[in-house]
Amino acid sequence: SEDGICDTLAHCFAVGLFSGLRAGGGLGDLLPHRTTGWRLMFDFAFYLLAVLVILNIVYGIIIDTFAQLREEHNAVEQDNRSF
């Protein structure tokens, strides 16, 4: 390609996987540093997807797990009180 990052889909996947994980800023370090409307929309979309959605899913799983543990603990406590 003209920017020299990747030529095929498989090559772009490999570059994103290997170089993106090793770069300090992720794939943002590999992208050209131009501030355009598309780049701003891409960065914002990535922020919305990665930070807000994925982290909220993880937090939801953690909170749900603790709620389930609390319910199990309360059920055991209730059984102990009935004897």
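No hydrogens, no waters, no symmetry mates; every other heavy atom, side chains included, goes into these values.
With sequence neighbours excluded, no residue forms a side chain to side chain contact (heavy atoms under 4.5 Å, CB included) with Leu49. For Ile61, the side chain to side chain contact (heavy atoms under 4.5 Å, CB included) partners at least two apart in sequence or on another chain are Ile57, Thr65. By the side chain to side chain contact (heavy atoms under 4.5 Å, CB included) test, Gln68 is found to be paired with Glu72, residues two or more places apart in sequence or in another chain being considered.
Counting side-chain heavy-atom gaps under 4.5 Å among Ile, Leu, Val, Met, Phe, Trp and Tyr, the cluster of Tyr47 also holds Phe44, Leu48, Val51, Leu52, Leu55, Tyr59. Under the 4.5 angstrom side-chain criterion for Ile, Leu, Val, Met, Phe, Trp and Tyr, the cluster partners of Ile62 are Val58, Phe66, Leu69. Taking Ile, Leu, Val, Met, Phe, Trp and Tyr as hydrophobic and joining them when side-chain heavy atoms fall under 4.5 Å apart, one finds Phe46 isolated, its cluster having no other members.
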